[in-house]
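Here is the structure we will look at.
Numbers for residues simply follow the sequence, beginning at 1. None of these values were measured; they are calculated from a predicted model.
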Amino acid sequence: MNHTFSQEDFIEIYGARVHNLKNIDLKIPREKLVVLTGLSGSGKSSLAFDTLYAEGQRRYLESFSAYARQFIGGLERPDVDKITGLSPVIAIEQKTTSRNPRSTVGTVTEIYDFLRLLYARAGEAYSYASGKKMEKLSDDEIVKNIRNKFGTAKIQLLAPLVRGRKGHYRELFEQIRKQGYGKVRVDGQLYEVTPNMMLDRYKVHNIEVVIDRIPAQQTGSRLSDSVKTALGVGKGLILVMETDGEEETWYSRSLMDPESGISYEEPAPNTFSFNSPYGACPECKGLGYVPEVDENALVSDPSLSILRGALAPIGEYREIWIFNELKKIAKKLNIKLTTPYSEIPIEAQRYILEGPADYTLPTPGTTQFYGGGFPGIKNYVKHQFDQSESENIRAWAEEFMKLEVCPVCQGSRLKKESVWFKIGGKNIYELACMDLVSLQEWFESLEPRLKKRQVQIAGELIREINKRIGFLTEVGLGYLNLNRPAKSLSGGEAQRIRLATQIGSSLTGVLYILDEPSIGLHQRDNQKLIKALTRLRDLGNSVLVVEHDKDMMMAADHIVDIGPGAGIHGGRIIAEGPPALFMLEGSPTADFLSGKRKIPVPESRRSLSDKHLTITGATGNNLKSVQVDIPLGLFVCITGVSGSGKSTLVNETLFPILSQNFYDARKKPLAYKKVKGLEHLDKVIEIDQSPIGRTPRSNPATYTGLFTHIRDFYAELTEAKIRGYKSGRFSFNVKGGRCEDCQGAGVKTIEMNFLPDVYVECETCRGKRYNRETLEVRYKGKSINDVLNMTVSEALPFFEALPRIANKIRTLEDVGLGYITLGQQATTLSGGEAQRVKIATELCKKDTGKTMYILDEPTTGLHFQDIEKLLEVLQKLVGKGNTILVVEHNLDVIKVADWIIDMGPDGGQAGGKIIATGTPEEVAHNPDSITGYYLKAELAEALV
């Protein structure tokens, strides 16, 4: 392994022992693209993030003054002897971006901020009343305009004081009289100003004061002086009319529509921000949607009577205020509360749900209905949701709410005026809805369509926007749009957005650590990502990528393979070097790269049965009225380039349809016409990579239900019976047997200001979770804590004589998790490991052979060997008659599927169609399928 680098060209790590690392020494070449690979759980993340990044973060905090550090707190040094040559570190992890509903792709990438500035400085205003372009005139231009328009006519200049407001305005008229003005125009009629003059206070009024009456061609400065006075009194607005005419002509120093008299304030960047009160739609407060009561959720079962619980929010009859009101209503409407709800006349149903037309809701800030009559179930729920300060009551009301597109802004999030500023014929919302590829093309062709003044103001801004959009399309995100909520992005998408931002920042001399940036990327876009990373390297940065992707490894300057196994069997460097030399090393990864080992293509594929699930007319997001036939009882793979509509079809249309059908789930599917074939299934299970728990209390034993059986077994032991211990004694989540100092967590949580919480071992129980008495109950010399610390492989022979426990442990072993401990904290499991724990849990359950399992990119975080194991397990499930539906880009999975549904042809608006269906061989020979092009090469390689 002799490679030509000088001593200072390395990041050197000596004696790394974090988690499962076995005291390793490693030299990582600087300013190179280095790939860290190895089995899932072998220690890659421990080395990259928990050693290198943690040390970089610690050194950064050390650079703060002692005064600043006392507020931040210190970071513990990773368990490593020495690290030299470490540059400042930036980690681009897979953590999903903000869950804030106000956060979008545009705000995260800052492109929307540039757009706001562009529209504020170069946008052209149009009237929302007439659609005509708004005018903005100087005082001299107004005078010139008046002379040209009115010729020799005699005119009157009026200054508007009140526009569309109620009131008697007695004080205002008195003020006008004292200032020496004799006439006013009220609601279109001229009046003399008289003492004690006042109007009807309950009517809406328009009031203008007559400033002057002169011929339009008046010589001298009288006209311009009067115009200036009128603009001063009217706060920049003036109304000009012929003395004996009706036609109104408005002029304004600010943006104004001469036809309707509407004026806009001078635009600022926050005029176009949906996160600012100056730009946000007043109805939805800039969210684009408003919560409305879902009438379908209010009636739980129409076959029941109201007294038996037909109305979900109030349940069955009990002695409370609302039922007393319902009794009065029943008497008034001549109905019985014991009648099934479906048999009550429609008018009476509407009255019960909506209440009387003249009902007045309680004042805002109170939830007191009592004594105010019957509000209607709908009003009752809505008011509790809007006004209650109780979290529980709001959560209860939320069950009956649904989000609807805001009726005022139609989802644009902005106030009316903001969407009437245009550049190149488009408003800012229209640009935010375009996918990035289309947006880039639009901006590239924009300058010739702009006026010279606009180009001078906006030229630099447009170039900056174009550059930033270019970075996003370079990392394969051209199918996204700026309006896409950040919380809906996958881990891979969020990571590539941050990567594009980093390329844009053009830093040098930095160590970038990335965690599987290729997740969710189609083979076609992989080369774009590799090019982006090499560009980051060529700027003078070191790029360290934790990755399993073959293309990425072959493009790297250096590969480090950690193994040989996972968990306690990993943590060693088993091979390293440039790709050409690395493939000769003989490690599992090297063998897969060189083609010595490969995941075989099945000799025969399962044939289609007559059972299908068919969805017709799916139009959610970018789907183009898709009809999809999913053959049941097979291993089905949904493929297609990033953004082609796979997740929309599977996660947002199909899964909610099935969930609603089998479990009455509340999540609504996106738009579709009809579904056929539901009778062939009896349940649907989505197995994703989200954590099995977010606290150290959650672990594989509790998640799979295995721990319940172990606790029951320990409670049956003689020692436990003598002491009178029940099953609960062996739970670390309830009082009794647990250590009360850490409340059974084994660790204590220390909250860090500005940084993630830190967990430290409990000093009382030394991480054992239980008190001394509980730990004295033993089986084969092992306490309940010893069992939690056993690996799955150790626990299998230990519980061999107990089939109920052994069978559950065996399923964990079968999915390749033999190395994890039964009590391993859920927070330390990788996404791939969490997913396999979920699969093991499903394998434990009794099987009907009519289940559909939905997996979204299950190969995330999995090495070639792990994929082999995963496929074995999935094939087992299909073998029992179940259907596996996988959304996947990984060709190793695609090539072993029985049936492929390929979507495309491209991402974003250019996608949303089904391009090809059939066996992998059939799709590979389809000239329209981009996936087929890459699959053809993969199948040919597999047959070598």
Side-chain angles (χ1 to χ4, degrees), residues 94 96-97 99 104-105 435-436 472 475-481 483-497 516-525 613 615 617-628 630 636-660 665 667-672 675 684-690 831 835 838 852-861 883-890 893-894 897 900-917 930-931:
Q94 271 179 53
T96 43
T97 43
R99 309 303 299 167
T104 65
V105 168
D435 61 69
L436 293 173
L472 289 166
V475 293
L477 293 172
Y479 58 90
L480 293 177
N481 63 45
N483 232 10
R484 171 87 175 260
K487 64 179 182 180
S488 73
L489 296 170
S490 69
E493 286 169 336
Q495 191 178 22
R496 289 197 295 283
I497 280 178
E516 283 200 81
S518 69
I519 291 166
L521 260 196
H522 191 269
Q523 299 299 118
R524 184 194 70 173
D525 298 322
L613 182 68
I615 296 174
T619 53
N621 293 343
N622 66 338
L623 297 182
K624 311 282 191 298
S625 195
V626 164
Q627 173 167 334
V628 62
I630 301 167
V636 181
C637 211
I638 309 270
T639 62
V641 296
S642 307
S644 57
K646 304 181 299 296
S647 294
T648 298
L649 179 63
V650 176
N651 300 341
E652 297 183 57
T653 309
L654 172 65
F655 180 62
I657 288 171
L658 297 176
S659 298
Q660 275 190 344
K667 188 182 175 188
K668 280 193 163 184
L670 294 179
Y672 72 100
V675 61
V684 61
I685 289 159
E686 188 179 34
I687 302 174
D688 58 16
Q689 293 211 348
S690 60
Q835 188 169 39
K838 292 176 187 181
M852 178 177 277
Y853 294 93
I854 295 176
L855 294 93
D856 193 354
E857 294 195 57
T859 57
T860 301
T883 307
I884 296 280
L885 188 65
V886 179
V887 177
E888 190 53 271
H889 293 290
N890 190 304
V893 175
I894 297 170
I900 292 175
I901 298 167
D902 188 39
M903 297 189 70
D906 218 306
Q909 287 311 307
K913 295 177 184 169
I914 290 179
I915 300 300
T917 58
I930 297 172
T931 306

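Side-chain atoms of Lys646 never come within 3.5 Å of backbone atoms of Asn651 as a donor-acceptor pair (strictly under, hydrogens ignored). At distances below 3.5 Å, at least one donor-acceptor pair connects side-chain atoms of Lys624 with backbone N or O atoms of Gly911. Looking at Lys667, its side chain never comes within 3.5 Å of a backbone N or O of Ala665 through a donor-acceptor pair. A donor-acceptor pair under 3.5 Å links the side-chain atoms of Asn622 to the main chain of Gly908, judged by distance alone. Counting only distance, with no hydrogens or angles, the side chain of Asp525 and the backbone of Ser518 share no donor-acceptor pair below 3.5 Å. The backbone N or O of Thr860 lies less than 3.5 Å from no partner atom in the side chain of Glu516, so there is not a single donor-acceptor pair.
Scanning both residues, Gly476 and Ser642, for their nearest heavy atoms gives O-CB, 4.5 Å. When all heavy atoms of Val626 and Gly912 are compared, the pair lying nearest together is CG2-O, 3.1 Å. The nearest pair of heavy atoms linking Ile930 to Arg524 is CD1-NH1, 3.6 Å. Residue Thr653 comes nearest to Pro669 through the heavy atom pair O-CB, 3.6 Å, listed as atom of the first residue, atom of the second, then distance. Across Pro858 and Glu888, no two heavy atoms sit closer than the pair CD-OE2, 3.2 Å. Across all non-hydrogen atoms, the minimal contact from Thr648 to Asn621 is OG1-ND2, 3.2 Å.
Expressed to the nearest 0.5 Å, how far OG1 of Thr639 lies from CD1 of Ile901 amounts to 9.0 Å. To the nearest 0.5 angstrom, Glu857 atom CD is 9.0 Å from Leu521 atom CG. In this structure, CG in Leu855 is found 10.0 Å from SG in Cys637, a value given to the nearest 0.5 Å.
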Please step through side chain to side chain contact (heavy atoms under 4.5 Å, CB included) for the pair Ile915 and Met903, ending with a clear verdict. CA-CA 5 Å; Ile915 300 300; Met903 297 189 70; 5.8 Å; no
Run the side chain to side chain contact (heavy atoms under 4.5 Å, CB included) check on Asp856 and Val650 step by step: do they pass? CA-CA 9 Å; Asp856 193 354; Val650 176; over 6 Å; no
Test Val105 against Asn481 for side chain to side chain contact (heavy atoms under 4.5 Å, CB included), laying out the working first. CA-CA 7 Å; Val105 168; Asn481 63 45; over 6 Å; no
Do Thr917 and Asp902 pass the side chain to side chain contact (heavy atoms under 4.5 Å, CB included) test, and can you show the C-alpha distance, the side-chain angles, and the key distance before you say yes or no? CA-CA 6 Å; Thr917 58; Asp902 188 39; over 6 Å; no
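Within 6.0 Å of NZ on Lys838 lie more than 12 heavy atoms contributed by other residues, nucleotides or ligands.
Residue Met852 is tested with Ile685, Val636, Leu613, Ile884 for a side-chain contact (heavy atoms from CB on, under 4.5 Å); the sole match is Leu613.
Take Thr883 and apply the side chain to side chain donor-acceptor pair (under 3.5 Å) test, not counting sequence neighbours, and it matches no residue.
For the pair Ser659 and Pro656, the minimum side-chain heavy-atom distance is 4.5 Å or more. In this structure the side chain of Leu654 never reaches within 4.5 angstrom of the side chain of Leu649, judged on heavy atoms. Within the 4.5 Å cutoff, no side-chain heavy atoms of Ile638 are placed close to those of Val886. The closest side-chain heavy-atom distance from Tyr479 to Leu436 is not below 4.5 Å. Counting heavy atoms from C-beta on, the side chains of Leu480 and Glu493 come closer than 4.5 Å. No side-chain heavy atom of Ile894 sits under 4.5 Å from any side-chain heavy atom of His889.
Thr931 and His522 share a side-chain donor-acceptor pair at under 3.5 Å. Checked by atom type, the side-chain pair Thr104/Asn483 shows no donor-acceptor distance below 3.5 Å. Tyr672 and Gln627 share no side-chain donor-acceptor pair at under 3.5 Å.
A salt bridge is absent between Lys668 and Glu652; no separation between the charged side-chain nitrogens and carboxylate oxygens falls under 4.0 Å.
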